[in-house]
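First up is the structure itself, then whatever we jot down about it.
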Amino acid sequence: MRNAEVARVLQDIADLLEIKGENRFKIRAYQRAVLSLEHLTEEVARLVAENRLRKISGVGEAIAAKITELVNTGHLRCYEELKAEFPEGISTLLEIPGIGPKTALLLASELGIKTATDLEAAIDDGRVAALPRLGKKTAQNIRHHLETLRRKDRRIPLGEALTIVEEVVSRLTDFPGLKNLTPAGSLRRFQETVGDIDLMGTADDPEAVTRAFAGLPLVSEVLARGPTKASVIVAGGLQVDLRIVAHDEFGSLLQHFTGSKQHNIDLRERAVHLGLSLSEYGITEIKAGKLEKFATEEAFYARQGLSYIPPEIREGRDEIELAAAHKLPILLVREDIRGDFHVHSDWSDGRESLADMARAAQACGYEYIGFSDHSAGRGIAHGLSVERVRQQLAEIKRLNETISGIRILSGLEVDIRADGSLDMPDELLAELDIVTAAVHSSLNQDEAKITARIIKALESPHVDVLAHPTGRLIQQREPAAVDMEAVLEAARRTGTAIEINAMPDRLDLKDTHVYRARELGVRLVIGTDSHHRDHLDNLRFGIGVARRGWAQAADILNTRPLAEVMEFLGH
DNA sequence: GCCGTTTTCGGCCCGACTGTTTTCAGTCG
């Protein structure tokens with residue numbers, strides 16, 4: 001049983017306990033366990049088998065027993081009993097904004113509502129408004145939420161959100177007296193999808209800023225606007241909330257709205273034991289009752305005796321503990337990157353020449369660039385034949401003699417066939433500087449088959465890097481059923497690097513697998529998969545994912561000087 | 001239900017908004 005399935009059952013238990021009106025700390029205990037499972041870098045089934053469940057933070061005796069029963073038998077008796085106490089489907093009502101546990105129970109038990117459609121009908125004929133504690137206004141609010149939910153029922157990918165937020169920021173950035181304009185929330189933490197965008201800033205005249213913000217041309221609807229905050233819908237249906245405070249309060253504000261929720265809960269729980277109370281307004285010494293303000297996040301964390309915690313790792317793992325001991329790793333930064341190995345040219349499906357891409361890479365400050373055009377595999381656009389690869393090799397040799405200041409490495413993105421063989425002959429691969437292998441077809445093979453297929457490719461002495469290991473496209477294509485633990489183990493054994501593909505709709509390897517790869521000592525590579533010079537900038541998404549996986553510069557092959565890279569590649 | 005630099009028992013984050021319950025519960029982030 002997969003971690004996600006176990007997490008889903010525990011989440012449902014938490015929801016049902018909430019509806020039941022159970023002790024809220026018990027509910028929180030389940031929610032914390034769910035989060036731990038989502039961050040877990042090993043298979044929970046393995047932890048059950050090895051009796052190591054209690055090692056997971058937030059999993060105690062009772063939840064460990066439940067996970068064990070669930071994994072071993074496929075069922076959980078107390079869960080079945082809990083479900084039987086309530087009308088079927090009741091917990092799905094909680095997904096509708098404005099409906100919490102009390103309202104869900106009321107709707108399900110009094111009106112027999114199971115779905116959004118039932119609910120809509122009950123609102124329209126007045127049954128919802130007639131319920132105790134609800135009224136006409138509440139019913140209409142729920143109706144409105146249902147409609148917006150139908151228009152936009154999904155989170156949007158990080159890449160799209162970032163483009164929009166940068167547009168907003170660039171239009172406000174020169175506004176007189178406005179400072180510190182920064183996106184917060186899941187966007188700042190580089191989560192792969194975001195629900196809405198929270199913008200924070202400080203200003204001499206906050207109201208003038210919210211007015212200008214609400215009047216921006218890309219705003220399609222103003223939901224609310226007051227003296228210090230405004231909420232708008234921008235083109236594409238995305239909600240953007242802006243909040244402006246005085247300059248000396250920015251640190252605590254940004255910290256609060258960056259989250260994550262669990263990180264803030266953990267932080268505040270710890271603060272209580274230190275006699276401090278934290279909020280978006282600052283820190284209050286509980287005894288003295290006096291509020292201290294913080295202009296920067298660094299000062300806010302320092303007041304609690306903590307090192308600065310980078311946003312990407314504020315996820316409620318063990319970052320606070322490590323910050324208290326001043327033992328947080330120094331995460332990778334963009335300036336650490338010295339090159340890119342996943343770049344296409346117009347020899348296959350890229351849009352630019354080798355020379356132009358090399359110069360663009362040089363303009364990024366890189367020491368080296370590795371081309372990885374497609375091989376002639378089945379179904380791949382303009383894949384290179386053996387003969388064309390040899391021609392490209394000669395061209396790269398010539399370019400290295402004429403272009404100075406950057407070293408061009410020859411390579412291929414060779415296709416891993418359905419049986420795990422590579423679609424280019426070994427003799428040719430041996431002539432290349434760097435060979436990247438990837439699956440592009442038959443992505444629906446079962447777990448055993450696709451895992452064995454990838455491992456077979458890793459075992460080829462010529463393969464240096466495995467690219468976009470699961471083939472997922474965020475919100476478009478599910479990841480292949482790869483047993484990532486087995487693949488990472490094979491990568492470690494064979495000394496093959498694993499790519500963090502930086503295309504914003506791939507981000508594959510994902511953050512939790514980056515964390516696991518590091519634990520196992522697998523070398524990682526950030527590849528942009530650029531088909532145009534503008535794509536080289538997608539590096540920042542790869543950096544974000546790497547940082548979410550706690551990666552340091554030393555974990556990433558393309559932060560290393562050329563000589564060390566060549567040594568890794570066996571040249 | 002979990003957990004321990006006060007604690008194996010007694011704690012467990014903080015604040016804002018909304019609607020309707022004349023004093024606050026429910027929901028959200």
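Below, chains carry the letters A, B, ... as their sequence lines are ordered, and counting in each starts from 1.
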Is A/Ser277 close enough to B/dC14 that one of its side-chain N or O atoms is under 4.0 Å from OP1 or OP2 there?
yes
Report which part of the nucleic acid A/Ile265 touches: base, sugar-phosphate, or nothing (heavy-atom distance under 4.0 Å, all strands).
base
From CG of A/Asp266 over to C1' of B/dC2, roughly how many Å is that when rounded to an integer?
12 Å
A/Phe25 has its side chain closest, among B/dG1, B/dC14, B/dT27, to B/dG1
Could you check whether A/Tyr30 gets within reach of a base, just the sugar-phosphate, or nothing at all, counting any heavy atom under 4.0 Å?
sugar-phosphate
Here's a test for you: under side chain to side chain contact (heavy atoms under 4.5 Å, CB included), which of A/Ile500, A/Val522, A/Thr41 qualifies with A/Val514?
A/Ile500
Answer yes or no: are there more than 12 heavy-atom neighbours, outside A/Glu88 itself, under 6.0 Å from its atom CD?
no
A/Ile286 CD1 to B/dC14 C1', straight-line distance once rounded to whole Å
11 Å
Can you figure out which of B/dG15, B/dG1, B/dC12 approaches the side chain of A/Arg28 most closely?
B/dC12
Is the shortest side-chain N to carboxylate O distance from A/Arg518 to A/Asp555 below 4.0 Å?
yes
On DNA chain B, check which nucleotide each of A/Thr284 and A/Leu134 is closest to and give me the residue with the more 5' one.
A/Thr284
For a quick check of understanding: with a heavy-atom distance under 4.0 Å over all strands, which category does A/Ile99 fall into, base, sugar-phosphate or nothing?
sugar-phosphate
Rounded to whole Å, CG of A/Asp241 lies from C1' of B/dG29 at a distance of 10 Å
Work out how far the P atom of B/dT8 is from that of B/dC3, and round it to whole angstrom.
16 Å
Below 4.0 Å: OP1/OP2 of B/dA16 and any side-chain N or O of A/Tyr281
yes
Between B/dC12 and B/dT6, how many Å separate the two P atoms, rounded to a whole number?
15 Å
Nearest-angstrom distance from the residue atom CZ of A/Arg24 to P of B/dG26
13 Å
Using a cut-off of strictly less than 4.0 Å, decide whether A/Ser57 has a side-chain nitrogen or oxygen near OP1 or OP2 of B/dC2.
no
Separation of A/Leu276 atom CG from B/dC14 atom P, in whole Å?
10 Å
A/Asn23 or A/His256: which one's nearest nucleotide on DNA chain B is closer to the 5' end?
A/Asn23
Please report the distance separating the P of B/dG1 from the corresponding atom of B/dT5, rounded so that it comes out in whole Å.
24 Å
Would you indicate whether A/Asn23, at its atom CG, is surrounded by more than 12 heavy atoms from other residues, nucleotides or ligands within a distance under 6.0 Å?
yes
Length of the CD1-P vector between A/Ile56 and B/dC2, whole Å
12 Å
Between B/dC9 and B/dC14, how far is it from one C1' atom to the other, in whole Å?
25 Å
After noting the C-alpha distance and the side-chain angles of A/Leu253 and A/Glu249, does the key distance pass the side chain to side chain contact (heavy atoms under 4.5 Å, CB included) rule?
CA-CA 6 Å; A/Leu253 177 83; A/Glu249 298 172 354; 5.7 Å; no
If you check every side-chain atom of A/Pro101, which of B/dT27, B/dG1, B/dA25 has the closest atom?
B/dT27
Contact class for A/Asn141 vs. all strands (heavy atom < 4.0 Å): base, sugar-phosphate, or nothing?
sugar-phosphate
Side chain of A/His273 only, please: which of B/dT7, B/dG1, B/dC14 is the nearest?
B/dT7
Rounding to an integer number of angstrom, what distance separates B/dC28 and B/dT20 when you compare their P atoms?
16 Å
Charged N to carboxylate O below 4.0 Å: is that the case for A/Arg127 and A/Asp125?
yes
Taking only the side-chain nitrogens and oxygens of A/Arg32, find out if one of them lies under 4.0 Å from OP1 or OP2 of B/dC3.
no
Assess whether atom NE2 of A/His247 is packed by more than 12 heavy atoms of other residues, nucleotides or ligands within 6.0 Å.
yes
Determine the contact category for A/Leu278: base if any of its heavy atoms lies under 4.0 Å from a base atom, sugar-phosphate if only primed atoms, P, OP1 or OP2 are that close, otherwise nothing.
sugar-phosphate
Nearest-Å distance for atom pair CG/C1', residues A/Leu35 and B/dC13:
16 Å
Answer yes or no: does a side-chain N or O of A/Lys229 lie under 4.0 Å from OP1 or OP2 of B/dA16?
no
Touch check for A/Gly185, heavy atoms < 4.0 angstrom, all strands: base, sugar-phosphate only, or nothing?
nothing
Roughly how many Å apart are B/dC13 and B/dC17, using the P atom of each and rounding to a whole number?
22 Å
Rounding to an integer number of Å, can you tell me how far A/Ile283 CD1 sits from B/dC13 P?
16 Å
Does A/Pro97 reach a base, just sugar-phosphate, or nothing at all? Heavy atoms under 4.0 Å.
sugar-phosphate
Atom NE2 of A/His75: over 12 foreign heavy atoms under 6.0 Å
no
Of B/dT27, B/dC13, B/dC2, the nucleotide closest to the side chain of A/Ile63 is B/dC2
Pair partner, B/dT8 [Watson-Crick or wobble, under 3.5 Å]
none
May I ask you to verify if any side-chain N or O of A/Thr103 is less than 4.0 angstrom from the OP1 or OP2 atom of B/dT27?
yes
